[in-house]
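These notes are about the structure you will find just below.
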Amino acid sequence: MHALQAERTFGTYGLTERSDAVTRTNIPPISIDLIGGCGLHRTALMRCLAASETALAVEGFRDVEAWAAAPLRATDVLLVASEHSPSIAAIGKDIGAILETAPAARILVLADITTQAMLIALLKQGAKGVVPSESTIDNVIFAARLVRRGGLFTPLLEAVQRKAATPDPGEGERPPQAVLTPRQIEIVVELRKGSANKDIARELGMSEFTVRVHVRNILRRLKARSRTEVVARTNALQFPPARSRAAPEASIAARQVR
């Protein structure tokens, strides 16, 4: 969203920031209340949302208490809960407070949600959608529109369900040992020890840059998103112990003694 367009919309449609209870004499038919987030983040989101749709009015509140104290409120709420990575219980408490004040509210949560279990927990507590905090503003706008129209925004859950419904035909046929090279297996062994790249490089006698390349390829071949996931996927496998640079050096020293 261009800054100029957002700035014009900010002035045109009366986008306002509320931190205290203020009488709202009229709520436009197309409106959304934005709750939470730091002041700068909240203002930026408000401007982008207002600029995304003609005549959309956006009202901002620093927290649920300030929102609940307002005499009039919008039916649609964007709850920003990602500033300090609050717990699911804390987000759920805010959702409960919103629904207690306005039972018909449609709540979209913007938070650091990374797992299916976290998503399901918030949906059970009354959220109509969850947008991961790393999402683009376009995704936030799309999710807000979908929820306002009575839909559910659950991309993480849908992605997991699609993967479960359509498994990879080759999945299970090629274990990690079959997709990793011997050198990569040695690095996996070190990853399972919790070794850092520089420690792996020293142990296996290679440069730290080479280790980084191997780790990146391991993630790709195992379809893992992190080193922790690599360890989880290979934890039950029996790999040969990694060869260390010290072993050949010890062998050379022994031959020299003879």
Side-chain angles (χ1 to χ4, degrees), residues 38 41 81-91 110-122 130-137 139 154-258:
C38 70
H41 188 190
S82 59
E83 294 304 321
H84 302 291
S85 298
S87 65
I88 295 298
I91 300 174
L110 176 62
D112 294 325
I113 303 303
T114 57
T115 69
Q116 180 186 10
M118 296 167 71
L119 173 62
I120 292 175
L122 292 182
V130 179
V131 185
S133 57
E134 68 271 15
S135 299
T136 64
I137 186 61
N139 282 343
T154 58
L156 181 61
L157 179 61
E158 291 167 2
V160 172
Q161 290 173 336
R162 282 197 301 270
K163 184 176 180 181
T166 56
D168 185 349
E171 190 174 357
E173 299 176 4
R174 290 174 60 80
Q177 302 99 313
V179 299
L180 299 177
T181 68
R183 197 56 158 169
Q184 289 170 348
I185 289 176
E186 290 179 340
I187 291 176
V188 168
V189 172
E190 294 300 323
L191 291 177
R192 285 160 59 165
K193 296 178 185 177
S195 302
N197 285 350
K198 62 180 180 180
D199 298 322
I200 298 174
R202 183 173 58 251
E203 180 69 17
L204 299 181
M206 63 179 69
S207 70
E208 193 170 342
F209 173 79
T210 301
V211 173
R212 287 199 299 269
V213 172
H214 277 308
V215 171
R216 185 167 62 246
N217 289 335
I218 290 169
L219 292 172
R220 178 176 54 80
R221 292 192 177 197
L222 294 183
K223 298 180 181 178
R225 293 172 294 180
S226 66
R227 298 159 74 102
T228 302
E229 193 169 336
V230 169
V231 173
R233 292 190 179 192
T234 62
N235 192 47
L237 301 176
Q238 295 297 322
F239 287 142
R243 293 178 303 162
S244 69
R245 186 175 56 175
E249 291 175 350
S251 178
I252 292 174
R255 286 199 298 269
Q256 288 175 346
V257 170
R258 293 175 186 171

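Treat the numbers as computed from the prediction; the structure is a model and nothing was measured. Along the sequence shown, residues are numbered consecutively beginning with 1.
Within the model, atoms OG1 of Thr181 and NE2 of His214 stand 6.0 Å from one another, a figure rounded to the nearest 0.5 Å. The CG atom of Asn197 lies 10.5 Å from the CE atom of Met206; values are rounded to the nearest 0.5 Å. Taken to the nearest 0.5 Å, the CZ atom of Arg212 stands 12.0 Å off from the CD1 atom of Ile187.
Counting heavy atoms from C-beta outward, Arg183 and Leu204 have side chains that approach closer than 4.5 Å. Residues Val211 and Glu203 form no side-chain contact, since every pair of their non-hydrogen atoms from C-beta on lies 4.5 Å or further apart. Looking at Ile200 and Leu191, their side chains come closer than 4.5 Å, going by heavy atoms from C-beta outward.
Side chain of Gln184 to backbone of Leu180: no donor-acceptor contact under 3.5 angstrom is found.
The two residues Ser195 and Arg227 have their closest heavy-atom pair at O-NH2, 3.0 Å. Of all the heavy atoms in Leu110 and Pro132, the pair that sits closest is CD1-O, 3.7 Å. In terms of heavy-atom proximity, Ser226 sits nearest to Leu219 at O-CD2, 3.3 Å.
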